[in-house]
Protein chains: 2
Amino acid sequence: MHDPVDTLVNERPILPKPASFLTRKLVGHRGVNAEDGRWLDTILQRNQRSVEPGSALVELGAPHSEIHVIVGGWAMRRKKMRDGSNQIVALHLPGEICEFNAVLGMVSDTETVAIDRVRAAAISARTLNELSTHPRLGRALWWESMASGAIQRQWFANVASANAATRMAHLLCELEQRLHLVGGSQAHGEGRVFTCPLTQMHLGNATAMSVEHANRTLAQLRRQFGLRAKGGLIEIDDLAGLQAFCGFDPGYIVLDAKSHAPSIMHGAAR
Amino acid sequence: MHDPVDTLVNERPILPKPASFLTRKLVGHRGVNAEDGRWLDTILQRNQRSVEPGSALVELGAPHSEIHVIVGGWAMRRKKMRDGSNQIVALHLPGEICEFNAVLGMVSDTETVAIDRVRAAAISARTLNELSTHPRLGRALWWESMASGAIQRQWFANVASANAATRMAHLLCELEQRLHLVGGSQAHGEGRVFTCPLTQMHLGNATAMSVEHANRTLAQLRRQFGLRAKGGLIEIDDLAGLQAFCGFDPGYIVLDAKSHAPSIMHGAAR
DNA sequence: CGTTATGTTGAGCTCCCTCAAGGTTGGTGG
DNA sequence: CCACCAACCTTGAGGGAGCTCAACATAACG
């Protein structure tokens, strides 16, 4: 039972600390080599900014020409509903990319807001162009975009056909898995722990249930699987049990790039 | 009140009939020029195949290296749930592109199945590479990918926070709009008509309600907005009323590429 | 002209929402 | 160190939107 960051670094000793979460994931799971990883790290160290909880990282309605990478903290992508409420449609964890659509200068239909304090690195259109010299990196970013699409579909399928307990369990398993990919989930006895700034309000909103029902649902999962979610920390004693309960299959998140995958995307997205 | 196809052709007289639905959309709404449109049309005429209702266009679990363009007919993308049921997570209409993730050789988490008889054109990885010589076309495809993401988010937000009648109305408005973009929705008195092979079972599944409730909901909309959905045809007398009822805003589908949008995606997705 | 898919309507039940009222925690200023 | 306040969490009770089960009607189809 060792620190997952060290594990990654040991497996690829060329990659120096501090490597950003994104770089760790791309090098560890998306087939990016150490050199490209280092280059990405230098880019991520430029243009960083800090966003206060509740402030927008990407505003609604305005066209953008840069994407953002979460360096630290959590953000939510939300959609304003007609009745004035806000619906969370996605969560962005450290090492993840916000609003791919911004690359095209597309007007956003959503806004992205910091949950706790977020540190984000902007990657400009100009810089993205330079990616042409690093094809594997470009492909990895595409991959990330497709993976976030898979997560979006999973959210829809769940809310469309699973009950409250299953949805909540599934979201928690998903978050654990996504953090796991960047070394943000630690072993804890038989189970797992990770920091998580989401309140029950956020968890409820993201899984389409009222705060009260979110609370009751979490209480049920606590009893059944030794789940504790409080004070910015989530502990899961019986992760395997929780995963079995909601039918969680990590495949749609990991989606390892290993085998197949010719160097196709050259040009496909020019 | 004239035929929308002729309108498009008249605006861009260089583009010969028969232009595929996709080409019409890209030239009419995504800033693709006539020359690129013609080239796309020739590509779409190669590698076409016909898929019987209920058969898979893209199978689950296998990695692919080509994308499909729907030339005619409707398809659904669905996800197998743990309880054995199938959840529709997306619909694919004529002129739309299926399973962008296939481009990366990614294993699919879903399967895409023909609803009525579908005619689809496969675009191989090799051909996609040639897109590098047609940057505006490549950008337009990216744009399509992002637009389908916006639709997916809208579906999620709706099922997460709107009631049955609103969800159903919104889906119908969305389908009308998407068909409108390819000239597949016709004027009909004050309202609109379009062919639609979806049964109430499909409509219910896609909007997360039982068949029976879908039926009751459609009956309500028929009374309120003069909606008829039967026998493969949908008629909407009071489209404006229906749109207002569900707060439909076409912006997230049209997402016109007009203004901003530098020729960024070069390389960003290599 | 039977057979199968689809559409229609009714009745009871359940999951989850809403409203309401505490309880707990953590941060802030005195 | 304590008082206070604002989030956040917790629990209860009642109601309603939509599900399930069960018929039956109608349309599509060979």
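Worth saying up front: this structure is predicted, and the values here are computed from it rather than measured. In the text below, chain A, chain B and the rest are named by the order of the sequence lines, each starting its count at 1. Only heavy atoms go into these numbers, but all of them, side chains included; no hydrogens, no water, no symmetry mates.
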| said: Judged by each residue's nearest nucleotide on DNA chain C, which is more toward the 5′ side, A/G231 or A/A165? | reply: A/A165
| query | Is there a donor and acceptor pair closer than 3.5 Å between the side chain of B/R216 and the base of C/dG7? | reply | no
| query | Taking atom P of C/dT8 as reference, at what distance in whole Å does atom CZ of B/R223 sit? | reply | 11 Å
| field | Heavy-atom pair of closest approach, residues A/L203 and A/L171 | value | CD2-CD2, 3.8 Å
| field | N/O (side chain, B/N163) to phosphate O (OP1/OP2, D/dA17) under 4.0 Å | value | no
| Electrostatic pair B/E52:B/R117 at N-O distance under 4.0 angstrom | yes
| field | Donor/acceptor link under 3.5 angstrom from B/E212 side chain onto base of D/dC21 | value | yes
| task | Could you label the plane-to-plane angle of the B/F248 and B/H170 rings as parallel, tilted or perpendicular, counting under 30° as parallel and over 60° as perpendicular? | result | perpendicular
| message | Testing the basics here: between A/I88 and B/F156, what is the closest heavy-atom pair and its distance to 0.1 Å? | response | O-CE2, 3.2 Å
| field | Nucleotide C/dC17, atom P - distance to CZ of A/R167 in whole Å | value | 7 Å
| note | Whole-Å distance, B/L221 CG to C/dG7 P, equals 15 Å
| message | At 4.0 Å (heavy atoms only), tell me whether A/S210 reaches a base, stays on the sugar-phosphate, or touches nothing. | response | base
| said: By the definition side chain to side chain contact (heavy atoms under 4.5 Å, CB included), identify the one residue from B/R77, B/M76, B/R78 that meets it with B/V89. | reply: B/R77
| query | To the nearest Å, how far apart are A/R117 CZ and C/dG27 P? | reply | 14 Å
| Roughly how many Å is it from NE2 in A/H202 to P in D/dA7, rounded to a whole number? | 13 Å
| field | Distance in angstrom units between A/H213 NE2 and D/dG16 P, rounded | value | 18 Å
| task | Would you classify B/A208 as touching base, sugar-phosphate or nothing, given that sugar-phosphate means primed atoms plus P, OP1 and OP2, and contacts are heavy atoms under 4.0 Å? | result | sugar-phosphate
| Does B/N215 have a side-chain nitrogen or oxygen under 4.0 Å from the phosphate oxygens OP1 or OP2 of C/dG7? | no
| Starting at the 5' end of DNA chain C and moving along, which residue's nearest nucleotide shows up first, A/A162 or B/L218? | B/L218
| query | Any side-chain N or O of B/Q200 under 4.0 Å from OP1/OP2 of C/dA5? | reply | no
| query | Hey, is the side chain of B/K230 poking within less than 4.0 Å of OP1 or OP2 on D/dA25, counting only N and O atoms? | reply | no
| Spacing between A/L233 atom CG and C/dT25 atom P, to the nearest angstrom | 15 Å
| remark: Rounded to whole Å, CZ of B/R228 lies from P of C/dG7 at a distance of 16 Å
